Amino acid sequence: MPEGEEDTATPPPHFRIWAEDARLLLKDMPDACLDRAYLMFPDPWPKARHAKRRFVHPENIRQMHRVLKPGAIWRVASDHPVYQEWVTEVMGQQDLFDAPPPAKERPEGWSPTRYEAKAFREGRVPFYWTFTRRP
Ligand SMILES: C[S@@+](CC[C@H](N)C(=O)[O-])C[C@H]1O[C@@H](n2cnc3c(N)ncnc32)[C@H](O)[C@@H]1O
């Protein structure tokens, strides 16, 4: 797409935007209803006393496991060193997802985002995790 032009493709008819807290939506979703989920550059909440606000957290991990189909993919990206360490630690302690180490270059099929572009501009290296929902 030429620089400065908007992508005006019509979204598919089932496309919806939820502009509220994603955790409220998650709680109301049925079991095993998603083939894929993306968590792109979530707020890092870098202060230790705010750690419980981080989206990658045991309660949300349980919810993500519940709404994803067995074998489905949960993709998470972060450029923040505190969050990178946190995800590595928290996902290393759970057994609901296969959680291999992250890629350091954006894997094929991931969409670029504004915060990713900001990270590149400011010299940070995003981590890209691909978690697979265990049965
Ligand atoms: C660092 S920005 C990243 C935005 C975008 N994903 C990107 O990569 O450019 C984090 C975004 O997450 C949103 N956010 C934080 N907590 C949320 C929640 N519980 N539910 C939905 N959105 C949330 C914030 O409002 C903010 O827009």
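Order of listing sets the numbers, starting from 1, for every ligand and every atom in it. These numbers come from a predicted model, not from an experiment.
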Q.
Using a 3.5 Å cut-off on N or O atoms only, is Glu116 in polar contact with ligand 1?
A. no
Between Ser111 and Met40, the two heavy atoms sitting closest are O-CE, 3.6 Å
Handout entry: Linked, directly or transitively: Leu39 and Leu26 (ILVMFWY side chains, under 4.5 Å)
Key = yes
Does Arg134 CZ have over 12 foreign heavy atoms under 6.0 Å away?
yes
Atom 9 (O) of ligand 1 within contact range, any protein heavy atom under 4.0 Å: yes
| Any protein heavy atom lying closer than 4.0 Å to atom 2 (S) of ligand 1? | yes
For atom 19 (N) of ligand 1, decide whether some protein heavy-atom distance is shorter than 4.0 Å. yes
Quick note on ligand 1: atoms under 4.0 Å from a heavy atom of Thr113 include exactly 7 (C), 8 (O), 9 (O)
Of all heavy-atom pairs linking Trp86 and Val56, the shortest is NE1-O, 2.6 Å
In terms of its nearest heavy atom to atom 13 (C) of ligand 1, the top option of Asp43, Leu25, Leu39 is Asp43
CD (Gln63) and NE2 (His57) are apart, to the nearest 0.5 Å, by 14.0 Å
Return a yes/no value: protein heavy atom under 4.0 Å from atom 23 (C) of ligand 1?
-> no
*Would one find an N or O of Ala22, backbone or side chain, under 3.5 Å from an N or O of ligand 1?*
yes
(message) Is there a polar contact between ligand 1 and Met40, counting only N or O atoms under 3.5 Å apart?
(response) yes
Query - Face-on cation placement of Lys104 at Tyr128 ring, 6.0 Å and 45° thresholds - result: no
Pro100 and Thr130 have their tightest heavy-atom pair at CD-O, 3.6 Å
